[in-house]
There are 2 protein chains.
Amino acid sequence: MLGLVYDGKLAVRRNLPQPDPPKGEALIQVALAGICSTDLEITKGYMGFTGVLGHEFVGTVVRGSRRWEGRRVVGEINCVCERCDMCRSGMSNHCRHRTVLGIAGRDGCFAEMIALPERNLHEVPETVGDEEAVFVEPLAAAFQVVKQVRIEPRMRVAVLGSGRLGLLVAQVLARTGCRLHVVGRNEKTLSFCDKKGIQTVLVDDLVPKKDYDVAVECTGAPAGFELASQLVRPRGQIVLKSTYAAESRINLTPLVVDEIELLGSRCGPFPDALSALARKEIDVLSMISRALPLSRAIEAMEIAADPQNLKVLLKIPG
Amino acid sequence: MLGLVYDGKLAVRRNLPQPDPPKGEALIQVALAGICSTDLEITKGYMGFTGVLGHEFVGTVVRGSRRWEGRRVVGEINCVCERCDMCRSGMSNHCRHRTVLGIAGRDGCFAEMIALPERNLHEVPETVGDEEAVFVEPLAAAFQVVKQVRIEPRMRVAVLGSGRLGLLVAQVLARTGCRLHVVGRNEKTLSFCDKKGIQTVLVDDLVPKKDYDVAVECTGAPAGFELASQLVRPRGQIVLKSTYAAESRINLTPLVVDEIELLGSRCGPFPDALSALARKEIDVLSMISRALPLSRAIEAMEIAADPQNLKVLLKIPG
C-alpha cells in the first residue's frame, strides 16, 4: 500500500505491507488525514520516531468486530495496555507501555490502511463530514485545556499562536465567554479570529503587563513560553500545548517568584470534539488551506510547514 | 550602624544610617539573622538588588505603636501597597508595588536595625527561642508547599536537595505521613534526615522511574528541575522552590507529554511555622552549622556557600 514514511528522511512508499491487526484491533481504510505540527517536529528528530507518519484521520473500518465493521470512524491515538498503574488509575492516555499512532511504536495514518484498537474508535455522526471529522483529534486536544483549567467568564485569557492548534484552542475558549485575546505574528492567520469576533493582538504590539489569568502556549516555539510567563499575573496559569524537538535557554525563577502554575496538556476528549462539530459550534472547514493526494505527501508537508498555511489534508487513496 | 551591604561587591559597613520608619512601620533591633541561599544568589546578580542583605531575622521592636513596642518579633518580608489588584484579591505577597526585605527595594536584616510595616510582624511566643525563631521565614516557605499541594499519606513524594530549604521542606512533609524520600548528593546533610527517620537516597544511586506523585525541587540548581521531571509520574506535580540567577537549557516538552503540573512556590504562612516551632515539631536547632558576629558577615557568607554547611547565623550586634 501507499504511505508516507519517515526513517531519517521522508519518502512516499508504494509497497508498504498492509497492517494485520491482532485481536481487539480494527483494520481501517483511511479517507482523509491531517498534517499536524507534531508530524513536522518528528522530521526534526522529535520522539525519535521512524515509520509511517500521521495521527489525525477519518476512515472506515474494513475489518473488525461486528460492532465496528463498515462504520465511519475517528480514533484516539494512544494504544494502551489496560494493566499498568496509569491505566488502572484512569489515566490510560499516559499508559506506561503505550504505542501512539504515527508518533511512537505504531505506524500512522498517512497511508491507505491503519490498525487501531477498537476501544480507541469513535463513530462519526452522519452530520459531520470527513473534512470536519479529520479535525477531531486536534480539536480534542484543544478541549483538554478546558478540562484542566476552569475558565470563567470574567477571566482574561491569552492564546499564544494563531496556527492550527492555536485557532482550535481559541474557538474552544471563546465558548466560555472569557475575555480572550489571540496573540500572533501572522496577520493572515489572525484574520481568521477577527472573522469570528475573537480579539487579536499582533505580538509586536503587545506590552506584557502580567495581567492575564491564563495563557495557553500554542506557538510551537520555545519563545512562546517566555512570553507566556510575562503575560500571566502572579498565581496565574500557563497551559503548555506545544511539543518540539528543541531545547532552549530558560530561567524558571520567574515561575517561583510569581508562583505561576504551569500545566502540560496533550490529548483530549474525543466525545467533546465530536459533539461540538456535530452542533457546528467550531469552524474547522475555514481552516483547511489545501488538500492534496497522499502521493504528494512530501509537498503537502512542505506546505504545512509554511506558517501562512493552516491545516493541510491528505486525500487517501492518493 | 553596622551592616552587610552588597553593591556589586560585599562589604561590612560601620557607618550605615539607621532606618527612620514612616508611619505604620516599626523600628526593630535585630538579634539574630539567618543566611539563605537567596542571599548568596543576590551576590551573583539575582534580582539586581543592592543594599543591606538579609531577610531572615528575629528581633525586638524598639520604636513603634503601643501594640508592638518592646515585643520580640519575626517579620514577613513582602511590604505591600494594600491597593493594587493583587493586594485586593488576597494575594498581597504578590503586590505589584511591593518592596521585599533585603531582596527588592528595601534594606535587609544583616544590620543592627531594620524598618518593617507593623502589619508584617508576628510576636514570638516565649517558648520559642531566638535560634528557633530566626527560622520562621524559611520554615514558612516550606509550609507553602503543603498549602499549594494536597499531600496524602499514600502519596510518594521526593524532596530534591538536602540543603537548608530541603531539610525544612522534608520535615514539613514528613508530618503528612506521605511516603517521603529526600534525594541529595551530600552524605553529611542527608544524615540529618536519617536521624529523623526520613528515608534518603543518594542522587547517584537513584534510578528515575517516573513513579513519584510529587517532587519538590530545593536544590538551588537548574539540574534539579530536569531530575524532578524524570521522577514524577505522568500527571504528577513538581513544586519549584529554588530561585537562582542562572538560565539553563531546558526542554519543556516532557511536561506536555506527561501533562505534568509545575508549581512555583515562594513565601509561606508565618503562623503555621511559628506554631510548629512552639510545639517543637520541627527541629531547626540541629540545622545550625555556625553562628558568627555580624562584623564577620563576609566570612559567614563564605561558610554558608559551602554545601557541607546548613544554616549560618549572624549574631547582632556584632
Side-chain angles (χ1 to χ4, degrees), chain A residues 38 41 46-47 84-86 89-96 98 100 103-104 141 144 147-148 209-211 213 217 222 224-226 228-229 233-268, chain B residues 38 41 46-47 84-86 89-96 98 100 103-104 141 144 147-148 209-211 213 217 222 224-226 228-229 233-268:
Chain A
T38 300
E41 286 296 315
Y46 174 60
M47 293 295 290
C84 72
D85 60 334
M86 300 311 294
S89 19
M91 293 181 273
S92 61
N93 275 354
H94 293 281
C95 169
R96 304 274 186 184
R98 70 185 180 276
V100 187
I103 296 177
Q144 181 72 351
K147 289 279 175 192
Q148 291 176 286
K209 283 189 270 188
K210 291 190 179 180
D211 58 355
D213 298 291
E217 205 296 287
F225 166 74
E226 193 171 344
S229 65
R233 63 166 171 80
R235 295 264 176 94
Q237 292 170 303
I238 297 174
V239 183
L240 287 182
K241 291 296 305 181
S242 302
T243 49
Y244 34 74
E247 287 189 334
S248 63
R249 290 196 71 77
I250 289 175
N251 189 340
L252 294 172
T253 292
L255 298 189
V256 179
V257 172
D258 286 337
E259 297 195 318
I260 288 169
E261 182 181 357
L262 193 63
L263 284 161
S265 176
R266 188 166 46 95
C267 296
Chain B
T38 300
E41 285 296 314
Y46 174 60
M47 294 295 289
C84 73
D85 59 334
M86 299 311 294
S89 21
M91 294 182 273
S92 60
N93 275 354
H94 293 281
C95 169
R96 304 273 187 185
R98 70 185 180 276
V100 187
I103 295 178
Q144 182 72 353
K147 289 280 176 192
Q148 290 176 287
K209 283 189 270 187
K210 291 190 179 180
D211 59 354
D213 298 291
E217 205 297 286
F225 166 73
E226 193 170 344
S229 64
R233 63 167 171 79
R235 296 262 177 95
Q237 293 170 301
I238 297 173
V239 183
L240 287 181
K241 292 296 304 182
S242 302
T243 49
Y244 34 73
E247 288 189 334
S248 64
R249 290 195 71 79
I250 289 174
N251 188 341
L252 294 171
T253 292
L255 298 189
V256 179
V257 172
D258 286 337
E259 298 195 318
I260 288 169
E261 182 181 358
L262 192 63
L263 284 160
S265 176
R266 188 166 46 96
C267 297

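Below, chain A is the first sequence line, B the second, and so on; all start at residue 1.
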Next item on the list: Report the option among B/Asn93, B/Leu240, B/Asp85, B/Ile238 that has the most heavy-atom pairs separated by less than 4.5 Å from atoms of chain A.
Entry: B/Leu240
Checklist line | Contacts of B/Pro254 that satisfy side-chain contact (heavy atoms from CB on, under 4.5 Å) - sequence neighbours left out | finding: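 side-chain contact (heavy atoms from CB on, under 4.5 Å) list for B/Pro254, sorted by chain: B/Asn251.
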Notebook entry, point to check: Who are the side-chain contact (heavy atoms from CB on, under 4.5 Å) partners of B/Ser248, not counting sequence neighbours?
Noted result: B/Pro222, B/Ile250
Heavy-atom proximity to chain A below 4.5 Å, by part of [X]:
| X | value |
| --- | --- |
| B/Lys210 | both |
| B/Leu263 | both |
| B/Gln144 | side chain |

Next item on the list: Please check if any side-chain donor atom of B/Glu261 sits under 3.5 Å from a side-chain acceptor atom of A/Gln148, or the reverse.
Entry: no
Note to self: Keeping B/Arg266 on the side-chain end and A/Val257 on the backbone end, is there a donor-acceptor pair under 3.5 Å?
What the structure shows: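 Flag set: sc B/Arg266 to bb A/Val257 pair under 3.5 Å.
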What residue in [options] has the most heavy-atom pairs under 4.5 Å with chain B?
| options | result |
| --- | --- |
| A/Met86, A/Gln237, A/His94 | A/His94 |
| A/Val239, A/Val256, A/Ile260 | A/Val256 |
| A/Arg233, A/Arg235, A/Lys241 | A/Arg235 |

Notebook entry, point to check: Roughly how far apart are A/Glu259 CD and B/Met91 CE, rounded to 0.5 Å?
Noted result: 10.0 Å
Check: CG of B/Leu252 to CG of A/Leu252: how many Å apart, nearest 0.5 Å?
Finding: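 B/Leu252 atom CG to A/Leu252 atom CG measures 7.0 Å (nearest 0.5 Å).
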